[in-house]
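So the structure is just underneath, and the comments pick up after that.
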Protein chains: 4
Amino acid sequence: MSRTVPSSVKNPEKIRERRDQIIEAAVQLFREKGFHKTTTREIAKASGLSNGAVYEYVQSKEDILYLVCKRIHQSVEEQLRSRLSEHARGATRLKHAMEAFFGVVELMKNDILLIYQESKSLPREFLREVLRDEEEVTKVFERLLTAGNADGSLALAPESIPLMAQNIVVSGQMWAFRRWAFDGIAFEQFCSVQTEMLMQACGAVDA
Amino acid sequence: MSRTVPSSVKNPEKIRERRDQIIEAAVQLFREKGFHKTTTREIAKASGLSNGAVYEYVQSKEDILYLVCKRIHQSVEEQLRSRLSEHARGATRLKHAMEAFFGVVELMKNDILLIYQESKSLPREFLREVLRDEEEVTKVFERLLTAGNADGSLALAPESIPLMAQNIVVSGQMWAFRRWAFDGIAFEQFCSVQTEMLMQACGAVDA
Amino acid sequence: MSRTVPSSVKNPEKIRERRDQIIEAAVQLFREKGFHKTTTREIAKASGLSNGAVYEYVQSKEDILYLVCKRIHQSVEEQLRSRLSEHARGATRLKHAMEAFFGVVELMKNDILLIYQESKSLPREFLREVLRDEEEVTKVFERLLTAGNADGSLALAPESIPLMAQNIVVSGQMWAFRRWAFDGIAFEQFCSVQTEMLMQACGAVDA
Amino acid sequence: MSRTVPSSVKNPEKIRERRDQIIEAAVQLFREKGFHKTTTREIAKASGLSNGAVYEYVQSKEDILYLVCKRIHQSVEEQLRSRLSEHARGATRLKHAMEAFFGVVELMKNDILLIYQESKSLPREFLREVLRDEEEVTKVFERLLTAGNADGSLALAPESIPLMAQNIVVSGQMWAFRRWAFDGIAFEQFCSVQTEMLMQACGAVDA
DNA sequence: CATGAATGAGACTTCATTCAT
DNA sequence: CATGAATGAAGTCTCATTCAT
């Protein structure tokens, strides 16, 4: 279950409000300079809090990183969920989901890169939790793959489902973490090539 | 071209020898604790040099990281080259190359993960160079894709070649950087699923 | 006379009540962790008050220490007084007083140790006052010594009376502040050896 | 056995030299302001070292306190040893030893007070060691008491020896830790009263 | 009177880097 | 070339105290 970051402040509303400030400032700074080169003082200043105030809402700098990762995942999941097709089924639904996910990646590429680069600095327990979030996304696709297999619109060896779900996710995320390699490529092209490759790999009867 | 790391020592042999010590120690430590949590003192001690000596062969801690990344890439390329089929052609050759590359990833997963996690700490110029190395690997596959297209054993839209090369590389590297997600999967299964997916995506006439 | 600790609260009853809470919590904490390692927040929480409330009844952390020392002395004096023999005279009365005092030390050894270890952290004026309290105890014995000298049951050089009073007090208190050295010794034995030594030193005609 | 404080510096001579500087500066400061109110920066500056240099010879502020306590005890023991009578025996020897010890206390009263007030801030292991040193002094007197008992110049119940040794030590140390109470008393008077009391308590046949 | 969030100075410690020897 | 002691800036975090509500 979601690890909780303790705060010495009681009022939950305040906590939400202040942490929002902290997270927003930290995301920005971590993106620009990375976790290690960002100082807690900078985070305090950028979030409009005093040095001490930050530590009323967080117990360590690593807590902030965790909060940031958590927030990013939350945002990814929200966006993904809101884009998921409700009507389509089977292969079509999967394809829509891929496109939805890729769109989210495009939108949040900075944040996704951030997680790729900095989550390793999390304390073990926090890292575990962040990876669990990551798995959550993968599971969305596992479910779609299973469903497609079931209704015959996909033809995938059942034991390949987990790996294929990983492939889908990574194929999208690489738009973020290999950005440097995609100079000449437009997102739309990227999206369609990846989708096609993946759908084919899933044994989609139609494209 | 390969950025050079300056040294105050003249004798090139000494440089090679000492840097080898430094790199070896640093790779080990970076793998265990990451770049930031490793101190230069630790590197000095682990490499059998004095604090000062390290700085005779290197100008900063980041130089060491660069050297380490460089060495890893060098090793990857060597191994890959030595495994590349000389005889096969076209689709078959590509497939062999994939398998070769995946094998290298399996062998060097710790190091590949290291690059994924730490290269962002490199100074801009060094990072650029490391990315160039990364592209080098991708280009190997670009060439194979082009050749396969040419001899008709592959059928890939020419403009998709760069992206597909990236896909090949990332599909292999994920064995390293998503290790946590591959608990139940054996490398052989991973390898064959990935290969098949990629070959299909390249329009390989046969498997 | 007794330094007064200012309070922004008027109602004296409230003051007494709240300060009791504060003192009780603080004694406990100071005993466990010492003055410096105890935070005012801890004191607030342990006393059931808010951070702010504590500062309505006290002006600084050192005030609390002063209150604590004061309370301990008060308790020592009360207990001592209640144990002092009303009937006996001269040497006998002195002896009873020693035994009474030693008994109080045994009972309050933690608190006496606390004063020994922490009173140095008091602001000068407060320290002076605490030392005055300490002298009060000594004076009890000075009076008894003088009385014993007067009725001939003791034979002590008059100029040695203050020092001998100190000796009596310290000989008892060491049961508290050198506890670590008294592993094998039972309190009763300690008490009788000390008493005998001191009575002899006072030139008690009988024991 | 004497706990060792680790240092990252190899050269033992340097260690001795620098630690001497540190200890000297720290003793001074601790006496003036106490352990807690003294900052490591102040110690660094007063010892003529840089902030960082201090931490090459010591691992924490508490190490410094330990070193200080250790040094004081060492000095006490040296001085005591050098003053101990070689010729006298039995009761006489004991008396000389008391006078010697009291003289040392007078000389080092500031330092002895320091130990009384600050040793409680030591980490458990260090404290244990410091108390062991304290016991060492006590044992000197235990041996003298035993010897006096043996040659008939003292008449003390054997089971009272440890406690009496404590009494001797405390009776001297109180000159340091109760200084505030000895305003009117000259050291010589103090010394002779204490000695007489203690000798009598030891059943010394002659004075 | 009470609350508890906010402040901010300042504490201890680390560590990349330098330089006299 | 090598050593390793020295530097000192900078970082994270704590906590007594205040003050708006």
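Both backbone and side-chain heavy atoms feed into the values below; hydrogens, waters and symmetry mates do not.
Counting any heavy atom pair closer than 4.0 Å across all strands shown, T40(B) reaches a base atom. Using a 4.0 Å heavy-atom criterion, one finds that R41(B) contacts the bases of the nucleic acid, with or without backbone contacts as well. Across all strands shown, T38(D) has heavy atoms under 4.0 Å from sugar-phosphate atoms exclusively, and none from any base. Within the 4.0 angstrom heavy-atom criterion, no nucleotide atom of any strand lies near S8(C). Heavy atoms of S50(D) sit under 4.0 angstrom from at least one base atom.
N51(B) places its CG atom 14 Å from the C1' atom of dT14(E), with the value rounded to the nearest Å. Taking atom CD on E62(C) and atom C1' on dC15(F), their separation rounds to 13 Å, with Å as the unit. What separates CD of Q59(A) from C1' of dT12(F) is a distance of 14 Å, to the nearest Å. Rounding to whole angstrom units, CG of residue L49(B) and C1' of dT17(E) are separated by 16 Å. Taking atom CZ of residue R18(A) and atom C1' of nucleotide dA5(E), one finds them 8 Å apart after rounding to whole Å. Distance NZ (K37(D)) to P (dA9(E)): 19 Å, rounded to an integer number of Å. A straight line from NZ of K61(A) to P of dT13(E) spans 20 Å, rounded to a whole angstrom. K45(B) places its NZ atom 17 Å from the C1' atom of dA16(E), with the value rounded to the nearest Å.
Under a 4.0 Å N-O distance rule, the pair E42(D)/K33(D) qualifies as a salt bridge. Ion pairing between K14(B) and E17(B) fails under the 4.0 Å rule for side-chain N and carboxylate O.
In terms of position on DNA chain F, the residue among H36(A) and V54(B) whose nearest nucleotide sits closer to the 5' end is V54(B). Comparing E56(D) and A53(A) by the nucleotide of DNA chain E that holds the closest heavy atom to each, the one mapping nearer the 5' end is A53(A). Toward the 5' end of DNA chain F, the nearer of the two residues Y57(D) and G52(C), judged by each one's closest nucleotide, is Y57(D).
In a base pair of the Watson-Crick type (N1 to N3 plus N6-O4 or O6-N4) or a G-U wobble (N1-O2 and O6-N3), with each distance short of 3.5 Å, dT13(E) is matched with dA10(F). When both pairing distances are held under 3.5 Å, dT21(F) makes a Watson-Crick or G-U pair with dA2(E).
Each of dA16(F), dA2(F), dT13(E) was ranked by its minimum atom distance to the side chain of S60(D); first place goes to dT13(E). Residue N11(C) places its side chain closer to dC1(E) than to any other of dC13(F), dC1(E), dT7(E). Relative to the side chain of V9(B), the nucleotides dC1(F), dA9(F), dT17(E) differ in distance, and dC1(F) lies closest.
Remark: K14(A) is not in phosphate contact with dA5(E), judged by side-chain N or O atoms under 4.0 Å from OP1 or OP2. Considering only side-chain N and O atoms, Y55(A) lies nowhere under 4.0 angstrom from the phosphate OP1 or OP2 of dT14(F). A sub-4.0 Å separation between OP1 or OP2 of dG4(E) and a side-chain N or O of K10(A) is absent.
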E56(D) and R41(B): CA distance, side-chain angles, deciding distance, salt bridge (charged side-chain N to carboxylate O under 4.0 Å, His left out) verdict: CA-CA 13 Å; E56(D) 299 269 333; R41(B) 277 153 150 83; 2.9 Å; yes
Evaluation steps, salt bridge (charged side-chain N to carboxylate O under 4.0 Å, His left out), between R132(C) and E129(C): CA-CA 5 Å; R132(C) 221 171 346 241; E129(C) 171 66 17; 3.1 Å; yes
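Under a cutoff of 6.0 Å and an axis angle of 45°, K120(D) and F35(D) do not form a cation-pi pair.
Although no hydrogens or angles enter the test, the distance criterion places no donor-acceptor pair under 3.5 Å between the side chain of S119(A) and the main chain of Y116(A).
The separation of dC1(E) from dT21(F), taken at their P atoms, amounts to 22 Å, rounded to a whole angstrom.
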